[in-house]
Q: 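Below you will find the structure I want to go over with you.
Keep in mind that the numbers below use all heavy atoms, side chains included, and drop hydrogens, waters and symmetry copies. Bear in mind that the values here come from a model prediction, so they are computed numbers and not experimental data.
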Amino acid sequence: MNKFHFLVCLFFSTTLIFSQTGKSKSTDTAKPFVLGVIEEIQSKELNEKRTLNIYLPEGYDSNEATEYPVIYLLDGSADEDFIHISGLVQFNSFEWVNQVPKSIVVGIATVDRRRDFTFPTTIEKDLKRFPTSGHSDKFIAFIEKELQPFIEKKYKTTDSKTIIGQSLGGLLETEILLKTPTLFNKYIIVSPSLWWNSGSLLNQDSVIFKQSFTQPTAIYIAVGKEGLTPTEIPRVMEVDANLLAERIKASKNKNLKVHFEYFPGENHATILHPAVSNSFRVLYPKAQE
């Protein structure tokens, strides 16, 4: 009986050793699954180093003449929206899908959203709750004077520049659209936090409302079933987003193309992915076959 137990133990011990050895050999052949490259840029405007996650399309070769559109993504950290948005861009640029041209995605990793994505507010409660807020002007200057020149110098890019952002990111996009609209020619604005500073951005005057603004600009605005805003005087995010779209439409500027979409089945947490997916169908309409 003891001999039997000894043989059984020997069998399992030997099996375990060989299994672990085999597993070790298998692990030795593993390779990293590379999604893109990581760049770091020292910003004078922000007085800090910023991380960029960059997806390069299949076939990208810095030695070739082919140039690519650039999609700038706010909240572009690896643990935020970079991976799933890059996946949407890749999928929609497959030959058999052919919805979006092969594009470079630049994910701007987050440091302090409230600092970077908001302009100064007069609401005392928000000043106390968010003491670092109100410096979007510096972040916009970073995009204009440092980020875009860096990308355009290092990578093979066309003049097509898209920006994607949600929530406070959507607020920043709206500010850029109204104050410095030529920074981008495509805007994907999702669930914008237009409640900031009592909705003052909705009353912002802009060159885009004038017929003298001649840059062709496409704007996609989306919102889910999101309800009341976190303000003392309640606002409804769906209403604010629609007001923004209607105000742009009212300008009757033929160079502006604006599309508003409501997703009743999505909320603030789930809206971004389906909204960006739908935006590609709107911003890149396929020719009727």
Q: Would you say V37 and I41 are hydrophobically clustered, going by side-chain heavy atoms of ILVMFWY under 4.5 Å?
A: yes
Q: A side-chain contact here means heavy atoms from C-beta on lying under 4.5 Å apart; do F119 and L201 qualify?
A: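 They are in contact (side-chain heavy atoms under 4.5 Å apart), so the answer is yes.
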Q: Flag yes if more than 12 heavy atoms outside I38 fall under 6.0 Å of its CD1 atom; otherwise flag no.
A: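 No - once you tally the heavy atoms of other residues, nucleotides and ligands closer than 6.0 Å, there are 12 at most.
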Q: Verify the ring-centre separation between Y72 and F184: is it less than 6.0 angstrom?
A: yes
Q: Backbone N or O of S200 within a donor-acceptor pair of the N197 side chain at under 3.5 Å?
A: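 A pair under 3.5 Å: no.
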Q: Would you mind telling me which of T158, N185, V100, I104 makes a side chain to side chain contact (heavy atoms under 4.5 Å, CB included) with P69?
A: T158
Q: First locate atom NZ of K138, then atom CD of E48, and finally report the distance between them rounded to the nearest 0.5 Å.
A: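 Result: 10.0 Å between the selected atoms.
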Q: Could you grab the distance from atom OG of S133 to atom CG of D116, nearest 0.5 Å is fine?
A: 11.0 Å
Q: Parallel, tilted or perpendicular for F94 and W96, by the 30°/60° rule?
A: parallel
Q: Which pairs pass salt bridge (charged side-chain N to carboxylate O under 4.0 Å, His left out) with one or both residues in residues 67-78, sequence neighbours excluded?
A: D75-R113
Q: Closest approach of I83 and A78, non-hydrogen atoms and distance?
A: CD1-O, 3.6 Å
Q: How about R247: does its CZ atom have over 12 heavy atoms from other parts shown lying under 6.0 Å from it?
A: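 Yes, because the 6.0 Å sphere around CZ of R247 holds more than 12 heavy atoms from other groups.
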Q: Compare every heavy atom of N53 with every heavy atom of A109, then report the nearest pair and how far apart it is.
A: CB-ND2, 4.4 Å
Q: Sequence neighbours left out, what pairs pass salt bridge (charged side-chain N to carboxylate O under 4.0 Å, His left out) with at least one residue falling in residues 189-207?
A: D205-K210
Q: Could you tell me if the side chain of S198 sits less than 4.5 Å from the side chain of I233, heavy atoms only?
A: no
Q: With sequence neighbours left out, write down each residue that passes salt bridge (Lys or Arg N to Asp or Glu O under 4.0 Å) with K254, or none if nothing qualifies.
A: none
Q: Specify the closest pair of heavy atoms between A245 and F260, including all atoms of both residues, with the distance to one decimal.
A: CB-CB, 3.8 Å
Q: Let's go through E39 and K154 carefully: what are the C-alpha distance in whole Å and the side-chain angles of both, what is the deciding distance for salt bridge (charged side-chain N to carboxylate O under 4.0 Å, His left out) to 0.1 Å, and is it a yes or a no?
A: CA-CA 11 Å; E39 298 272 16; K154 185 158 187 177; 2.8 Å; yes
Q: From K125 NZ over to E232 CD, what is the distance, rounded to the nearest 0.5 angstrom?
A: 5.0 Å
Q: I need the minimum non-hydrogen distance between L256 and I248, along with the two atoms involved.
A: CD1-CG2, 3.8 Å
Q: For S86 and F82, indicate whether the former's side chain and the latter's backbone hold a donor-acceptor pair under 3.5 Å.
A: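 Such a contact is found between S86 side chain and F82 backbone.
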Q: With no hydrogens and no angle check, do the side chains of D112 and T132 hold a donor and an acceptor under 3.5 Å apart?
A: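 Yes, because at least one side-chain N or O of D112 sits under 3.5 Å from a partner of the opposite role on T132.
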Q: Decide whether V89 and Y187 are clustered together by the hydrophobic rule: side chain heavy atoms of Ile, Leu, Val, Met, Phe, Trp, Tyr closer than 4.5 Å, transitively.
A: no
Q: Within a strict 4.5 Å, meaning less than it, do heavy atoms of the Y155 and S62 side chains meet?
A: no
Q: Minimum heavy-atom separation for A275 to A222, with atom names?
A: CB-CB, 3.8 Å
Q: So, T110 and E80: side-chain donor and acceptor under 3.5 Å apart, yes or no?
A: yes
Q: For F91 and V97, what are the C-alpha separation, side-chain angles and deciding distance, and is it a side-chain contact (heavy atoms from CB on, under 4.5 Å)?
A: CA-CA 7 Å; F91 175 78; V97 179; 3.9 Å; yes
Q: Count the heavy atoms of every other residue, nucleotide or ligand shown that sit under 6.0 Å from CG of D79, and state whether that count exceeds 12.
A: yes
Q: Hydrogens and angles aside, do Q215 and T217 bring a side-chain donor and acceptor to less than 3.5 Å of each other?
A: yes
Q: Which donor-acceptor pairs under 3.5 Å do side chains of residues 159-175 form with protein atoms, sequence neighbours excluded?
A:
residue: Q166; atom: NE2; partner: H268; partner atom: O; Å: 2.6
residue: S167; atom: OG; partner: S193; partner atom: OG; Å: 3.3
residue: S167; atom: OG; partner: H268; partner atom: NE2; Å: 3.0
residue: E173; atom: OE1; partner: I188; partner atom: N; Å: 3.3
residue: E173; atom: OE2; partner: G165; partner atom: N; Å: 2.6
residue: T174; atom: OG1; partner: G170; partner atom: O; Å: 2.8
residue: E175; atom: OE1; partner: S136; partner atom: OG; Å: 2.8
residue: E175; atom: OE2; partner: S136; partner atom: OG; Å: 3.3
residue: E175; atom: OE2; partner: K179; partner atom: NZ; Å: 3.0

Q: Which residues pass the side-chain hydrogen bond (donor to acceptor under 3.5 Å, both in side chains) test with T231, not counting sequence neighbours?
A: T229
Q: Tell me, yes or no, whether the heavy-atom count around L228 atom CG, taken from other residues, nucleotides or ligands under 6.0 Å, exceeds 12.
A: yes
Q: Is there a chain of hydrophobic side chains (I, L, V, M, F, W, Y, each step under 4.5 Å between heavy atoms) that links L73 to F280?
A: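 As far as the 4.5 Å side-chain criterion goes, F280 and L73 are connected within one cluster.
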Q: So with a 6.0 Å cut-off around NZ of K156, is the heavy-atom count from everything else above 12?
A: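 Atom NZ in K156 is packed in, count exceeds 12.
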Q: Taking atom CD1 of I219 and atom CD1 of I208, what is their separation to the nearest 0.5 Å?
A: 5.0 Å
Q: Report the C-alpha separation of T157 and E152 in whole Å, then their side-chain angles, then the decisive distance to 0.1 Å, and conclude whether the side-chain hydrogen bond (donor to acceptor under 3.5 Å, both in side chains) test is met.
A: CA-CA 6 Å; T157 66; E152 289 161 11; 5.3 Å; no
Q: List the residues meeting ring-ring contact (aromatic ring centres under 6.0 Å, His included) with F209, not counting sequence neighbours, and say none if there are none.
A: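 F209 satisfies ring-ring contact (aromatic ring centres under 6.0 Å, His included) with no other residue.
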Q: Using the side-chain contact (heavy atoms from CB on, under 4.5 Å) rule, take F117 and H135 through it: C-alpha gap first, then chi angles, then the decisive distance, then the call.
A: CA-CA 7 Å; F117 296 172; H135 299 284; over 6 Å; no
Q: Drop me the distance from Q42's CD to L46's CG, to the nearest 0.5 angstrom.
A: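 Atom-to-atom, Q42:CD and L46:CG are 9.5 Å apart.
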Q: Atom CG in L74, atom CD1 in I108: separation rounded to 0.5 Å?
A: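 Answer for the CG-CD1 pair, L74 versus I108, is 5.0 Å.
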Q: Does either side chain, that of S93 or that of Q99, offer a donor lying less than 3.5 Å from an acceptor on the other one?
A: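 No, no side-chain donor-acceptor pair sits under 3.5 Å.
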Q: Any side-chain heavy atom of V106 within less than 4.5 Å of one from Y55?
A: no
Q: Within the 4.5 Å heavy-atom criterion, are L183 and I140 side-chain neighbours or not?
A: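 Yes; the side chains approach each other to less than 4.5 Å.
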Q: Mark yes or no for whether R50, through its side chain, and E40, through its backbone, hold a donor-acceptor pair below 3.5 Å.
A: no
Q: With side chains defined as the heavy atoms from C-beta onward, is the minimum distance between I271 and E226 less than 4.5 Å?
A: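 With C-beta onward as the side chain, the pair touches.
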Q: Apply side-chain contact (heavy atoms from CB on, under 4.5 Å) to Y284 and N92, showing your working.
A: CA-CA 10 Å; Y284 302 95; N92 280 278; over 6 Å; no
Q: How about V223 and F263: do any of their side-chain heavy atoms sit closer than 4.5 Å?
A: no
Q: Answer whether the closest heavy-atom distance between the side chains of P181 and F213 falls below 4.5 Å.
A: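 Sidechains of F213 and P181: in contact.
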Q: With a 6.0 Å cut-off (strictly less than), is the heavy-atom count around CD of Q211, excluding the residue itself, greater than 12?
A: yes
Q: Take Y60 and T66 through the side-chain contact (heavy atoms from CB on, under 4.5 Å) test and state the conclusion after the steps.
A: CA-CA 8 Å; Y60 180 90; T66 306; over 6 Å; no
Q: Do the side chain of S277 and the main chain of P274 share a donor and acceptor less than 3.5 angstrom apart?
A: no
Q: Cut-off 3.5 Å, side chains only: do E261 and N278 have a donor facing an acceptor?
A: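 Present: a donor and an acceptor within the cut-off.
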